[in-house]
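Encoded as structure tokens, the structure appears first; notes follow it.
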Amino acid sequence: MTAPQPIWVLPARGPVGMFGLIAAESAIFTIFVVAYVFYIGKSQTGPQPKDVLEAPIFYSLCLLSSSLTIHLAVKALRDGKGRSFGTWWCATILLGATFLFGTFSEWNRLIYREGLTISTNLFGTTYYSLVGLHGFHVIVGLILLAAVMAFILSGQVRQQHAERLDVLSLYWHFVDTVWVVVFTVVYVIGR
């Protein structure tokens, strides 16, 4: 007599943990998005979104492209193509850093040329809070990607690590997906 087969196998902890984190972070972003939408047009003073915002199309394309490069990186590692993996991983970091540079450039322009700060009006408060929250998540992602890059350069990343890096890529895909929502709310609906 053979032992019965299990009906259900526990899922891997890494993806489950990451999906739990993504669910919690999604709730936080939802609160910030709702606050931004709620306060659109309610600022009595200072610059309004239509007066100062310019859609960061190029930088957005960089960030969204980084989802493809990280996917290709993990796929290359799974296929045992270490050099290709490192190249795609580095491209992901460069694209994410380019996006972050664009965000900082926009903030510099808004603060010093347009006079919009977090305390200027409701628009400034909700704009910097929402875009800043996203920027913080990009910074965290870049730190994690850079840590992996250090392991790549020291030759410590192997094909068997692909599943773990796939979990990290889930976070990066989340950051990119959230940007689609933030971009739509801030630069399309909010203007």
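- Interatomic distance, OG1 of T103 versus CD of E106, reported as 6.5 Å (0.5 Å rounding).
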Show me, pair by pair, the donor-acceptor contacts under 3.5 angstrom made by side chains of residues 51-65, not counting sequence neighbours?
| unit_1 | atom_1 | unit_2 | atom_2 | d |
| --- | --- | --- | --- | --- |
| D51 | OD2 | Q48 | N | 3.3 |
| S60 | OG | P56 | O | 2.7 |
| S60 | OG | W179 | NE1 | 2.8 |
| S65 | OG | L61 | O | 2.7 |

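- When atom types are taken as modelled, the side chain of T117 and the backbone of I111 share no donor-acceptor pair closer than 3.5 angstrom.
- W172 meets the ring-ring contact (aromatic ring centres under 6.0 Å, His included) test with no other residue; sequence neighbours excluded.
- Checked by atom type, the side-chain pair D166/S169 shows a donor-acceptor distance below 3.5 Å.
- Ring geometry, F104 versus W107: the interplanar angle exceeds 60°, so the pair is classed perpendicular (tilted spans 30 to 60°).
- Linking Ile, Leu, Val, Met, Phe, Trp and Tyr whenever their side-chain heavy atoms come within less than 4.5 Å leaves L94 and F99 in two separate clusters.
- Rounding to the nearest 0.5 angstrom, the gap separating the OG atom in S66 from the CH2 atom in W89 is 11.0 Å.
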Cut-off 3.5 Å, no hydrogens considered: what does the side-chain donor-acceptor table look like for residues 14-40, sequence neighbours left out?
| unit_1 | atom_1 | unit_2 | atom_2 | d |
| --- | --- | --- | --- | --- |
| E25 | OE1 | H137 | NE2 | 2.4 |
| S26 | OG | I22 | O | 2.7 |
| T30 | OG1 | S26 | O | 2.7 |

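- Between S129 and I118 the shortest side-chain heavy-atom distance falls below 4.5 Å.
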Given side-chain contact (heavy atoms from CB on, under 4.5 Å), test L133 with V178 step by step and report yes or no.
CA-CA 10 Å; L133 179 65; V178 166; over 6 Å; no
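- Proximity of the aromatic rings of F183 and H134 is defined here by a centroid distance below 6.0 angstrom, and this criterion is not met.
- Between the CG atom of L168 and the CD atom of E163 there is a distance of 13.5 Å, given to the nearest 0.5 Å.
- The backbone N or O of K81 sits nowhere less than 3.5 Å from a side-chain atom of D79 that would complete a donor-acceptor pair.
- Linking Ile, Leu, Val, Met, Phe, Trp and Tyr residues whenever their side-chain heavy atoms come within less than 4.5 Å places F151 and I93 in a single cluster.
- Within the 4.5 Å cutoff, side-chain heavy atoms of M149 are placed close to those of I152.
- Under a hydrophobic-cluster definition in which Ile, Leu, Val, Met, Phe, Trp and Tyr are linked whenever side-chain heavy atoms come within less than 4.5 Å, directly or via other members, W88 and L95 are assigned to different clusters.
- At least one donor-acceptor pair closer than 3.5 Å links the side chain of T120 to the backbone N or O of G115.
- Between the side chain of D176 and the backbone N or O of S67 there is at least one donor-acceptor pair closer than 3.5 Å.
- Judged by distance alone, the side chain of S84 and the main-chain N or O of A76 form no donor-acceptor pair under 3.5 Å.
- Shown here is R109, whose CZ atom has more than 12 heavy atoms of other residues, nucleotides or ligands within 6.0 Å.
- Note on L122: it does not cluster hydrophobically with Y128, by side-chain heavy-atom contacts below 4.5 Å among ILVMFWY residues.
- Side-chain atoms of L144 and V148, non-hydrogen and from C-beta on, never get closer than 4.5 Å to each other.
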